[in-house]
Every structure is written in structure tokens, then in C-alpha cells.
Amino acid sequence: MLGIIRQKVGCRCTPASILGQSLPRTWPALSAPRSFSSAAKQMTVRDALNSALDEEMSADPKVFLMGEEVGEYQGAYKISKGLLDKYGPERVRDTPITEAGFTGIGVGAAYYGLRPVVEFMTFNFSMQAIDHIINSAAKSNYMSAGQISVPIVFRGPNGAAAGVGAQHSQCYAAWYGSCPGLKVLAPYSSEDARGLLKAAIRDPDPVVFLENELLYGESFPVSDEVLDSSYCLPIGKAKIEREGKDVTITAFSKMVGYALQAAEILSKEGISAEVINLRSIRPLDRQTINASVRKTNRLVTVEEGYPQHGVGAEICASVVEESFGYLDAPVERIAGADVPMPYAANLERMAVPQNSNVLSASVGEPGNLMCPEYF
Amino acid sequence: MRFIEESPEKRTLCYQVLNDDGQTIIGSNYQQISKEVAVRMYRDMVTLQVMDTIFYEAQRQGRISFYLTTNGEEAINIASAAALALDDIIFPQYREPGVLLWRGFTLQEFANQLFGNKADYGKGRQMPIHYGSNKLNYVTVSSPIATQIPQAVGAAYSLKMENKDSCAVTYFGDGSTSEGDFHAALNFAAVMEAPVIFICRNNGWAISTPTMQQFRSDGIVVRGQAYGIRSIRVDGNDTLAVYSAVHAAREMAIREHRPILIEALTYRVGHHSTSDDSTKYRSVDEIEHWRMARDPVTRFRKWVRMNGWWSDEDESQLRIDVRKKVVDAVQVAERVKKPALADLFTDVYDRLPSNLHEQEALLRDTVMKHPQDYPPDVPL
């Protein structure tokens, strides 16, 4: 029975009564202290992305930005603010509204000398350009046996936003993460956003860069090192955001915040949770994940995307393959509900993980005979 | 109130230089070519014909998995290539191997790709006829129809940004013009003022779909104006007309930073590919008419002969020579070793990631343990 993977889907598996029995009813929303040390400066994710783009465009004349509304309008989410004035319309290119068109053009430009950064207004719209991303960008270096490299970045908001319905609220991490030839990054904090976007732009391979609309306006502390123009993070390395010894929680993008909040609350209950910010979906840092699970002996994976063939499913498989003997309890997967995102605010909230899901999964369900020692 | 008619009263004229007898049409305006270039063009057209015959045969004998001929479209292939410069970047569809041939790709190099052997520049990763050569600025053929068209615009944009004195050139068939990528590419090229030449080989058939079922416009050429692109319709079986049109298009594209659309009218004399039998949907008489009476190679031969640049002896000698070279190339390619096991994993990324290292080691172990389950011709 240890091998049975149970999954938490949205709130449906966590009735309020269960929460009421074992956990506080109210959560200090977004108030949990983050694990950054004594950094003094604060920076929003939006400014982190903007400054990373600015610095890379300044450092390399081959880097250019293209997409709908990236120029005059300064980006649908103002990520490209000020860049048109600084670099001109040739390098901050407003395009006609055809995802397949500008993605194809970006790929062609990458084939021959340039390093395009292609902005999707949301990754949902990248579906209109999927042929260029998968059949061309991801495969050309291989099909040409290294003759044609494709140094391109596809970036934009991914996953659930707020109140924008099914066609603006899907997580594509697992989709792109399953495709060889692509690298897939998902930043959480401002440090991640700066370091990973710079790494993506400098990388010789095509990179899918999954941002989160709801994080753009959030501020995070940043150190002087992070603000330095030479700052860059390695692709394929996860970050242990908070060390712990009782349970490992993996998360990426916005869910890292939830995991950290859960860890803070759990610590008051005497449970020490280790939070891993994946940062890179492909390549996946299996080593860091497995090393953590071998230490804590328990694993909870958190994502907003769908459970089937999801990022959590892959992490689970990796841990079962490599660290099965270390597991003291079945892995818990927390994921979005298996439905297209509804618009109505109440339903929308039910469809994605909440703090309470992370918490209850981390302590095991009451009455679960597999891990009674948690209570 | 007046609605614009769905089609103009007169069809767009087709630019021609040579008549069916290989004589220049009186009053036609064309780009002069030297004896040396003309003879080289003719030789490459014949080479293409012979190469197609033998490679097609090799597929029929089961020696390669797939092939696709260029029969009937030799003039578009060779004449357009001759009018371009080597640093112009080619984004082909799959019926343009003549451009590679003109640029110096050898018969052995073609054969190596078809057999997917160790010497293939694609390391045996792409199906036959998906040639690619970085050195010759020929982007590896992409199977999904029309993806190369917007990519060519992107490459043209990069040439423009780097102030290069060259253009991007993309080829596609009449069927491709129904893909969204075609429309996106033309629109973007016009808006971005990209130096790109779109060459549509309107050969009448997209596998079994005739142009009447593909579109209701006056062919492809009229679409150019709709997107704000200068365009020309040319007789694709007229070597001098194709050469002159592409030559002029290149001048305009590079000097004026603008896209140009060329619709070359032709006919696909061969089947779509070796997976197709076109006599099931079109008449043998129609095919034979184009193969015999309208053959672009014959028409150009008449012209080079009339100029005194080519003789019957030259003709028979060339065909014997090329035939022998292609047969030799096939035999050599067949004997060259296949790519090694390690080549399965390289080039997915710029550097081999750890998971592929692991998979390679695992596969090697498995092959060693169970050699009977694996092909014996893969060097470990």
C-alpha cells in the first residue's frame, strides 16, 4: 500500500471539518516570514524581470524582445517598461496579433544570429504557436545534428491568474516539461526572476520561462549580489528555501509561497518542513529532491497544474525509483482540480490548491492509518 | 456603394521569356546569362533529373525508406538558385534539392543523407530528403507544411538588423498557402520590411488536392498585394524567366528592404512522394503532356543548343557520367557505417545533460546484455 499514490485535488479532498479538528481556522495570509536573511532592499518580480531584460539587452546587441504590446504599451503586464525608449523599435518589436507568426519569426531569427525573447501575453496563447515551439525550436538542433542552434526564450505569465477563466488560467509546466530539447524554468521570487531570466537569455538552447501574473507585483528582499548585473542562476538547480527534517515540500512559482507559509505554521506545531523551490522544471533537480527525501523520509508535492502526468507525478516517480526505501509514508500530491478553470471566484478558488491543502497533506490526513504517528 | 468583385476581370499575366521551342519571345525583357552559367545550370538540371530517377529506384528496391522527386520543377530549383548568392539563406520545403545541388552539395552528400549513415550531416536523424547544410546556408527541411515561411521572415529580419547584404529565400507549394503560417509570414514580412523572397511552386497539386479545391483566388500572386507585397507570376518551367524574376526580386529585397512574392506556375510531374500513386486521382495523359511537351529541361536545352553551347554528344556523355556517379554514391553510402549509439543522445541540448548520460549508459548496458534484440550495425 505504500506504493499507492494518493492525490489531493483542490479543496475537495480537504473538508473544512478536518481542518477544524487539527489546524487553525484562519491563516495569516502572505504574512509568513520568508527565508531570506538580512537583505535590506526590496524588489518586485516585475522590476526583477524588467531589469534582467534591460541588462541582457544592454550586454548583447543580439538580444531583442518581440510580442504583442511589448513596445508602445510597455507590455500587457508592464514587464518591458522603458525598454522601447532605450533600445528602439527594432529591438523592442511590437508584432501583429498572430502567435504562430511571431513565434515562427523568433525561431527563424534565432536560427540566424539573433537571441530573441518572445513574450506571450499568456502561455495559454502559446498553444497557437505550439508547432514552432515543439517541432522547430525544440527539435532543430537535434535534427540538424548541431548545425542549427536555437537560442530563444519564450516567456510570459503561466498558470492560474484571477477571474479570467479557462483560457487564461492553465499551467503549462508539465506540457513543456515533457519535451526534450526545451529547458523549462519557473521563477518564484525576485531573485529567481532575475537570475533565471538572465540564465535563459544567455543559454544556447530554447527556454520556456513560466512567470506568474499574481507574483508580478509582489516584493521580495534582494541582496546586492542579486542586483549585480553579472548575477545569474544555474539552470537545473533547485533551491532549498527553508531547511527542515520531518517532511519535504516541493513547489514552483506561486506555490513556493504557499509551501513556505505552511512550513512556518507547521514549525509552530513542532513539524520541521523542508521547502524546495524547484526553479527548473526541465532539467529537474532530482538529486536535491531525493537527497531531501532521504533526510526527511516524507514528501509532499505542490503545483497548480493538473495532477495527471503533472510535475508532481514526475517527482513522485523519481523518488519512488531512487529513494523508495527511505519513504516512511506515501507521497502526497497536491494539484489543481482536473477541470478547466471556472470563472466564478468561489469555484475558481476551489479548483486550485490553498494553504490548507499543503498543511493537511504535510501532516497526513487524520485517520490515515499509514502515518498515525504524525498526530 | 460598390463591392469589390471576388476576382478581377483578367487573370494576372504570367511572365515568360522562352516559348515551348526554347526561343526567346520577341520583346521579352530578361537578365542575360553567360555561356558558362547557362551550361552549368543545364548540367545541374539534368543531374537533378538523373539523381531523382536513381534515388527513386533505390527506394522502390527497399534500400531507403522514402523519397520524393522534383520532376517537372527542375527550372524553379536550378534557375532560382543560380540567381541567388551563397550567403542568401534558404528555407526550403522539400522539393528544392536543386538549390543545394547548385550550391555544391555533392551526389555523395545527398546519398549519405538518404541512407542516414555516419557521414550524413544530420547524423541519421531526419527522414530521407530532409537535407540540411549549415555551410551552404540551407536550413534543415522541416516536415510540417509551411513552418519555414515565417522562420524565413525571422532570418531575414536578423539579416536586416545586422546590415547584411543578403536575403532569406523560402520555397513552398500551392497547398502551403492555405496554412496560417503563410498568411502570418506575408503579413509580418510586409510590416517588418524584411528582405525575404517567397517562392511559391504552384504545381497544381497538393498530394491529391487540386488547386480548385485549395483556393478560389487567382492563384497565389494576388495575395501579395493584399498584404502589401510586390509580386510576380512567372512561368516556372521557363528557366530564363525564373532566373530573371528571382534576380530582380533579390535586388529589390536587399536594396529596398522589402519582401517579394513569386508565384511560379509549374506541374508536379512525379507522384507526391513514394507513398503516393497519383494516377489514382489524375489522368496519365495530363502527366504525360507535362512530362513530354512542357518539360522545363527540354525547353532550356533547346535554348542552350540554339546558342551553340550544347551538343548531342555533350548530352549523352553527361547523362552517362551522372548516372554512374549517382549509382556509385548509392553504393558507397550503403557501405558507410551507421551513426554510433552515442549519436542518439547528442544535440538534444548544446551540452549533454545528466539524464541523457544516464540513459546512454543504460542503453549501452542493455544492448551488451541482449545484443539479439538490437540492430548489429550500430557502433557502440
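Chain identifiers are assigned alphabetically (A, B, ...) following the order of the sequence lines, protein sequences preceding nucleic acid strands; residue numbering begins at 1 within each chain.
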How far apart are the closest heavy atoms of [X] and [Y], and which atoms are they?
X: A:Asp131; Y: B:Asp181; value: OD2-OD2, 4.5 Å
X: A:Val107; Y: B:Gln151; value: CG1-NE2, 3.8 Å
X: B:Gly132; Y: A:Gln147; value: O-NE2, 3.7 Å
X: B:Thr140; Y: A:Ser144; value: OG1-CB, 3.3 Å
X: B:Arg125; Y: A:Ala145; value: NH1-CA, 3.3 Å

Look only at the side chain of A:Asp205 and the backbone of B:Asp350, and say whether a donor-acceptor pair between them is shorter than 3.5 Å.
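Such a contact is found between A:Asp205 side chain and B:Asp350 backbone.
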Would you confirm whether B:Ser158, through its side chain, and A:Tyr112, through its main-chain N or O, come within 3.5 Å as a donor-acceptor pair?
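Confirmed, B:Ser158 side chain pairs with A:Tyr112 backbone.
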In terms of heavy-atom pairs under 4.5 Å, which option from B:Val141, B:Asn187, B:Asn137 contacts chain A the most?
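Of the candidates given, the most pairs with chain A belong to B:Asn137.
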Those residues of residues 281-291 of chain A, ordered by number, that approach chain B below 4.5 Å (heavy atom to heavy atom):
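Interface residues of residues 281-291 of chain A: A:Arg282.
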Report, in residue-number order, which members of residues 85-101 of chain A are under 4.5 Å from chain B by heavy-atom distance.
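At a heavy-atom separation under 4.5 Å, chain B is reached by A:Pro89, A:Glu90, A:Arg91, A:Arg93, A:Thr95, A:Pro96, A:Thr98, A:Ala100, A:Gly101.
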Indicate, with yes or no, if the rings of A:Tyr142 and B:Phe345 have centres closer together than 6.0 Å.
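Centroid separation for A:Tyr142 and B:Phe345: 6.0 Å or greater.
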Tell me, side chain or backbone of [X] under 4.5 Å from chain A's heavy atoms, or both, or neither?
X: B:Phe91; result: side chain
X: B:Leu186; result: neither
X: B:Pro144; result: side chain

Contacting region of A:Lys62 [heavy-atom separation from chain B under 4.5 Å]
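For A:Lys62, the contact with chain B is made by the side chain alone.
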Non-hydrogen atoms of chain B under 4.5 Å away: do they reach the side chain of A:Phe64, the backbone, both or neither?
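It is the side chain, since no backbone atom gets that close.
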Does the side chain of B:Val139 reach to within under 4.5 Å of the side chain of A:Tyr111, using non-hydrogen atoms?
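Heavy-atom side-chain distance check passes, below 4.5 Å.
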Any side-chain heavy-atom pair of B:Lys123 and A:Met143 under 4.5 Å:
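SC-SC contact between B:Lys123 and A:Met143 ruled out.
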Supply the atom-to-atom distance B:Asn355 CG to A:Ser318 OG, rounded to the nearest 0.5 angstrom.
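Those atoms lie 11.0 Å apart.
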Chain B: which of A:Leu182, A:Thr103, A:Val150, A:Asn135 shares the most heavy-atom pairs with it under 4.5 Å?
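The answer is A:Leu182.
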